[in-house]
Amino acid sequence: MTFGFAPSADTSVSTPADSVSRLARMLEPAEWAEAGIPLLRNPREVVSGLHSRHRPTPSTAVVAVLDHEERLAASASFAPRAAPVDGWEFRNALLAHLRRVIPHDLRRRTPVRTAVLLYCREGDARWTEEDGAWMWGLRDACTLHGLRCGAYITLTRGGWQVLGEGRGGRRPSSETPPTALAETVADPDPSPVRGGGGAVEVLRRTAAR
């Protein structure tokens, strides 16, 4: 599998020691692909559902927790604070939002729920150091919350891409108007979904994705 690389958006001044520390909290595509990240059965539905639900704009992260049937259990969106790209900072932000929307599963021997991350950003689909830091942060946050680490998905002007898998599509993109949740419904069985603010809503299975 071949990946392109793009420079990081982080242009802040840092010391050599800071740079080394941040690089240690980053995963490259090859490392991510070898980490045994579970494949999404229908990534387009997951991306479309999160896009409709949270309407992300560039520099917005959407973290979602899926159950064993790939139904949405909880999700939250946020814009990370302006700071040097660092997986530790991203881990802390993801963990804080996970704790707000869903209880941890640390008492389970084996994780049954999976966290995925959709990050809307500028640029093209090529991997960046910022992506690597988000990957590291997602993996670590999942470990600390008792979740299985799932897909990392970028959303750019060119469309969406599941990094490390080579799967993607042109729609939705960072410029696509959000589709109403009702328009994505395909399953007649409703399922409860916990939103970013902690409120429980009743949405259909496909819409929840």
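Basis for what follows: all heavy atoms, side chains included, without hydrogens, waters or symmetry-related copies.
Among the candidates S59, P56, S77, the single residue satisfying the side chain to side chain contact (heavy atoms under 4.5 Å, CB included) test with C120 is P56.
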Worked verdict on L147 versus V65 for side-chain contact (heavy atoms from CB on, under 4.5 Å): CA-CA 8 Å; L147 301 170; V65 179; 4.1 Å; yes

Report the C-alpha separation of W127 and Q161 in whole Å, then their side-chain angles, then the decisive distance to 0.1 Å, and conclude whether the side-chain contact (heavy atoms from CB on, under 4.5 Å) test is met. CA-CA 10 Å; W127 180 90; Q161 179 172 322; over 6 Å; no

Derivation and outcome, side-chain contact (heavy atoms from CB on, under 4.5 Å), residues L66 and R113: CA-CA 6 Å; L66 309 178; R113 296 186 292 193; over 6 Å; no

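Using modelled atom types, one finds a donor on one side chain and an acceptor on the other under 3.5 Å when comparing T128 with D131.
Shown here for A125 and T156, the closest heavy-atom pair between the two residues is N-OG1, 4.5 Å. Of all heavy-atom pairs spanning G168 and R44, the tightest one is O-NH2, 4.4 Å. Closest approach of L72 to A64, counting heavy atoms only: CD1-CB, 3.6 Å. Among all heavy-atom pairs drawn from A151 and E165, the shortest one is CB-OE2, 4.5 Å. Across all non-hydrogen atoms, the minimal contact from P172 to V47 is CG-CG1, 3.7 Å. Of all heavy-atom pairs spanning A76 and V101, the tightest one is CB-CG1, 4.1 Å.
Between the E130 side chain and the V85 main chain, no donor and acceptor come within less than 3.5 Å of each other. Proximity of a side-chain donor or acceptor of R53 to a complementary backbone N or O of S75 within less than 3.5 Å is not detected. For T60 (side chain) and T57 (main-chain N/O), a donor-acceptor pair under 3.5 Å exists by modelled atom type.
To the nearest 0.5 Å, atoms CG (L163) and CG (L117) are separated by 10.5 Å. Atom CG of L27 is separated from atom OH of Y152 by 11.5 Å, given to the nearest 0.5 angstrom. The line from CG of L40 to OG1 of T114 is 8.5 Å long, rounded to the nearest 0.5 Å. Interatomic distance, CD1 of I37 versus SG of C149, reported as 4.0 Å (0.5 Å rounding). Here the straight-line distance linking atom CG of L98 with atom CZ of R91 works out to 12.0 Å at 0.5 Å rounding. Considering CD of E129 and CG of D86, their distance stands at 11.5 Å, rounded to 0.5 Å.
In this structure the side chain of L155 reaches within 4.5 angstrom of the side chain of H51, judged on heavy atoms. The closest side-chain heavy-atom distance from E122 to R157 is below 4.5 Å. Counting heavy atoms from C-beta outward, W32 and E28 have side chains that stay 4.5 Å or more apart. When side chains are defined from C-beta on, C142 does not count as touching R148, because their heavy atoms never get closer than 4.5 Å. The shortest distance between side-chain heavy atoms of T154 and R121 falls below 4.5 Å. At a threshold of 4.5 Å between non-hydrogen side-chain atoms, the residues W160 and R170 do not count as touching. Proximity of P80 to E89: side-chain heavy atoms (C-beta onward) are nowhere separated by under 4.5 Å. Using a 4.5 Å cut-off on side-chain heavy atoms (C-beta onward), H145 and L94 make no contact.
Residue L39 belongs to no hydrophobic cluster, having no ILVMFWY side-chain heavy atom closer than 4.5 Å to its own. L95 shares a hydrophobic cluster with L144; the chain of contacts runs through ILVMFWY side chains whose heavy atoms sit under 4.5 Å apart.
The aromatic rings of F78 and H97 sit parallel to each other, their planes meeting at less than 30°, with 60° as the upper class boundary.
Here R108 pairs with D105 under the salt bridge (charged side-chain N to carboxylate O under 4.0 Å, His left out) rule; sequence neighbours left out.
Around CZ of R167, the count of heavy atoms belonging to other residues, nucleotides or ligands within 6.0 Å exceeds 12.
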